[in-house]
Undergrad: 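Here's a structure for you.
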Amino acid sequence: MFALLYLVICFALGYVICSYAFPGLKTVGMYSYGRKQMMLNPNFIVLPAYFLVGTIAQTWCVYLLGYLFKTKENPLVLANVIGMSFFAVVSLVLMSRLKRKSEQTEKMIYARITTFDKIVILGVCILTYTLMWKTFFVKAETLNVGYTVYSDFSPHLGMIRSFSYGNNFPTQYPFFAGTDVKYHFMFQFLVGNLEFLGMRIDNAFNIPSALGFLSAVSLLYVFAYKISGKKAVGLLSCLFFVFRSSNSLFKFIAEQPVGTNIFKALKDNTEFISYSTNEDWGLWNLNVYCNQRHFAFSIAVLLLVLMLFMPHLYEMSERIKCRLQEKMKKHPIESRKTLETGLQEIRFFIKESFFTPEGWYIKDLRLAICSGLLLGSISFWNGASTIAALLVLFGIAIVADRRLEFLIMAVITTILSLLQSSLFVEGSVVSPKFFFGFIAENKSLFGSLDYLMRLLGILPIVLVVAFLLVKGVEKYALFAFSFPLIFAFTVSLTTDVTVNHKYIMISVMLMNIFAAIIVAKLFSMKNIWYRCTCVVLVILLTATGVYDYSMVLKKNKNCLQLSLNDPLTLWIKENATSQDIFLTNNYALNNIVFGGAMLFQGWQYFSWSAGYDTQSRDMLVKEMYESSSSDNLDRLVKENHIRFIVVDNDVRSSSSFAVNEEVISNTYQVAFTYNDNGTNAIIYDTKLRINY
């Protein structure tokens, strides 16, 4: 009940904030960027915007209040009571004022959602449901975590439970407890808070994840529609976003021996088809949005901000075009001779773009400030989306009007990001360095191009054709959309460059708009061969993605199961806080992690890729478990602030150390024992030392 009320307040608060911060939001769908009438129903824009903005604002407020009350026994109780009450009252008061104002001034007639639109929306909702609730669901008091997501869900669920079961203020990373948190965690805090407010954990995770994914699809549809002026382009862009382009499926089919039943081979296959590095992880398909639930949410914010700043680019193009026409009218012969060479045309553009007031002046300060606040606030929801948004907006700003608005937005975004980093992280969040080639096997220029061709299939060819066919501002927009991809292949911000795949996915999502434009143009031509080519292109651009989707569903029929009422999980909930560090084996996901325990050293990959020094901790774990004397063990435990030591079958069979269980049992009293299905787990409390 309270969790649902929280989400309702998010929408209401989002409505209020957007009404003041982005007052023209309802009219965004009236015209394309080229001033072609669209009459798009505003709900495709405003509902995602209300959800995103309201959720971010209220969740940050509740988090900061929880941080303020961190010394209290239940900080989230006070935080939610104050935050939800305040925003509920403010939203009700301001909504009534806004409603009266809109009744007096708003006379616009908006387009209705057509039957076809409803069918598409239903299809996207079904897709979203299968992605979220088929990979993470509760059945008969047992949590089922899908095969393709349980690994990434290990630290995510640990972080969620550290808030819903614990008191993770100041926030620590659950797989590297006792230090700062370098990994974005605010979406996990949202989920943890919803569970704390009474929502079952699968719904607490799935509902905001589904709303985030639906918001991203809806805003992409609007953005593509506005660029092209064609609904078909919007729909195709969403189709290409959902089902990726790759030649993997076709290569797999081509490699089957003669006489093989292709349909049976595809049905019997149990792994993601892979012909490039880490493609078998599901790194590029819909599985990403299943195991990185915060990603789609943050992409939606990126699309919203980008949509609001895109008119600046078109304003510049239209202004320079008008200036050129004026010059031609005044001095037709002289101007024609002057502009005969490309060099003179470039000079004219540079002069009009960079050395005129229109190129720099501020027309909408509110847009710049509010967009900066919004974009900066998602740094710890998903930092890659913030960086990708800045990269694309930088590319647009180079040739757009009102550049100072871009600058103000970027400065506010950066300041907010740095403030969050200073609050959560000791030292630097990122360590940027030049790293060419991403994860291509051959990190040369041609090796990287070969990797992209294998990864993206026919899409690069379609985009080259699009670049040649589209004109003016759209040609440049396609180039600006490639900035995150270029960044991914040249810069590494973390220890694990693989995480750059998010930049590539964002670039591909945006550039797919122009692939959709080419396909739509082919279909609009009243020629059977062009239309057949269009159908072939759609198949080539989506077939692998469709098959990947079927594999996501197939692979997630196998689930890791965790009991909601497991005694070990419940004991941790009742007896440990997020300030109590557990010495354990390097767990991924089990009942201890699910209980919200803060691990001294969890599965190393997650901590290592986030930038933590896992090697030093591996040595400390080994030293503590193998300690030969009680005094030495107690000294190490105190130095590393260990509260509980776990000795279970994983610890006893570890290949990384040989546990000296006798020393541990002779040093500390047993706090809890658990023996179920052969699992013999003992938890020792280091505050209860045995004295002889």
Side-chain angles (χ1 to χ4, degrees), residues 120 123-132 134-135 146 148-149 210 213-214 216-218 220-221 224 232-254 262-263 265-267 269-293 295-296 299 451-463 466 481 485 501-520 534-556:
V120 172
V124 176
C125 288
I126 292 172
L127 171 73
T128 305
Y129 173 81
T130 58
L131 291 176
M132 304 307 167
K134 293 296 182 181
T135 57
T148 69
V149 302
F213 187 81
L214 289 171
V217 173
S218 183
L220 176 61
Y221 168 67
V233 173
L235 294 172
L236 285 169
S237 297
C238 294
L239 182 69
F240 297 158
F241 166 65
V242 171
F243 302 121
R244 71 180 182 119
S245 171
S246 172
N247 62 11
S248 295
L249 175 64
F250 306 105
K251 190 170 182 179
F252 177 82
I253 293 172
I262 299 300
F263 294 103
L266 292 172
K267 182 180 178 182
N269 178 45
T270 58
E271 300 297 331
F272 292 122
I273 300 173
S274 174
Y275 291 98
S276 61
T277 306
N278 296 342
E279 194 176 1
D280 56 333
W281 292 6
L283 195 65
W284 306 102
N285 59 45
L286 285 169
N287 190 60
V288 171
Y289 303 103
C290 296
N291 62 22
Q292 299 287 316
R293 299 293 182 89
F295 189 36
I299 285 178
Y451 174 81
L452 279 173
M453 291 299 294
R454 285 184 287 118
L455 178 67
L456 301 178
I458 197 174
L459 179 61
I461 297 173
V462 176
L463 291 177
F481 291 167
L485 185 147
H501 79 106
K502 295 183 178 71
Y503 303 116
I504 297 173
M505 293 185 74
I506 289 171
S507 257
V508 170
M509 174 192 69
L510 295 172
M511 292 190 293
N512 269 334
I513 295 171
F514 294 94
I517 289 173
I518 295 301
V519 173
C534 169
V535 172
V536 171
L537 275 177
V538 170
I539 292 173
L540 292 175
L541 289 167
T542 60
T544 298
V546 172
Y547 184 72
D548 282 342
Y549 171 58
S550 71
M551 287 304 304
V552 170
L553 299 182
K554 180 189 291 186
K555 290 170 74 69
N556 284 290

Undergrad: For Ser276 and Tyr451, work out which heavy atoms get closest and say how close.
TA: CB-CE1, 3.6 Å
Undergrad: If I take atom OG from residue Ser248 and atom CG from residue Leu455, how far apart are they, to the nearest 0.5 angstrom?
TA: 7.5 Å
Undergrad: Do Arg293 side-chain atoms and Cys290 backbone N/O form a donor-acceptor pair below 3.5 Å?
TA: yes
Undergrad: Examine distances only and state if a side-chain atom of Lys554 and a backbone atom of Lys267 form a donor-acceptor pair shorter than 3.5 Å.
TA: yes
Undergrad: Using side chain to side chain contact (heavy atoms under 4.5 Å, CB included) as the criterion, list what pairs up with Ser274, not counting sequence neighbours.
TA: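 Residues passing side chain to side chain contact (heavy atoms under 4.5 Å, CB included) with Ser274: Glu279, Asp280.
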Undergrad: Which heavy-atom pair separates Ala224 from Ser237 by the least distance, and what is that distance?
TA: CB-OG, 3.3 Å
Undergrad: Checking side chain to side chain donor-acceptor pair (under 3.5 Å) between Thr148 and each of Thr135, Asn291, Asn285, Asn287, which is the one that passes?
TA: Asn287
Undergrad: Contact between Val242 and Tyr549 at the side-chain level, heavy atoms closer than 4.5 Å - yes or no?
TA: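 No, too far: nothing below the 4.5 Å cut-off.
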Undergrad: Check Leu266 against Leu249 and note the closest heavy-atom contact, atom names and distance.
TA: CD2-CD1, 3.6 Å
Undergrad: Establish, yes or no, whether the cationic atom of Lys555 lies under 6.0 Å from the six-membered ring centre of Phe272 and within 45° of the ring axis.
TA: yes
Undergrad: Is there a donor-acceptor pair closer than 3.5 Å between any side-chain N or O of Ser245 and the backbone N or O of Leu456?
TA: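 Present.
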Undergrad: Between Ala543 and Phe250, what is the shortest heavy-atom contact and its length?
TA: CB-CZ, 3.6 Å
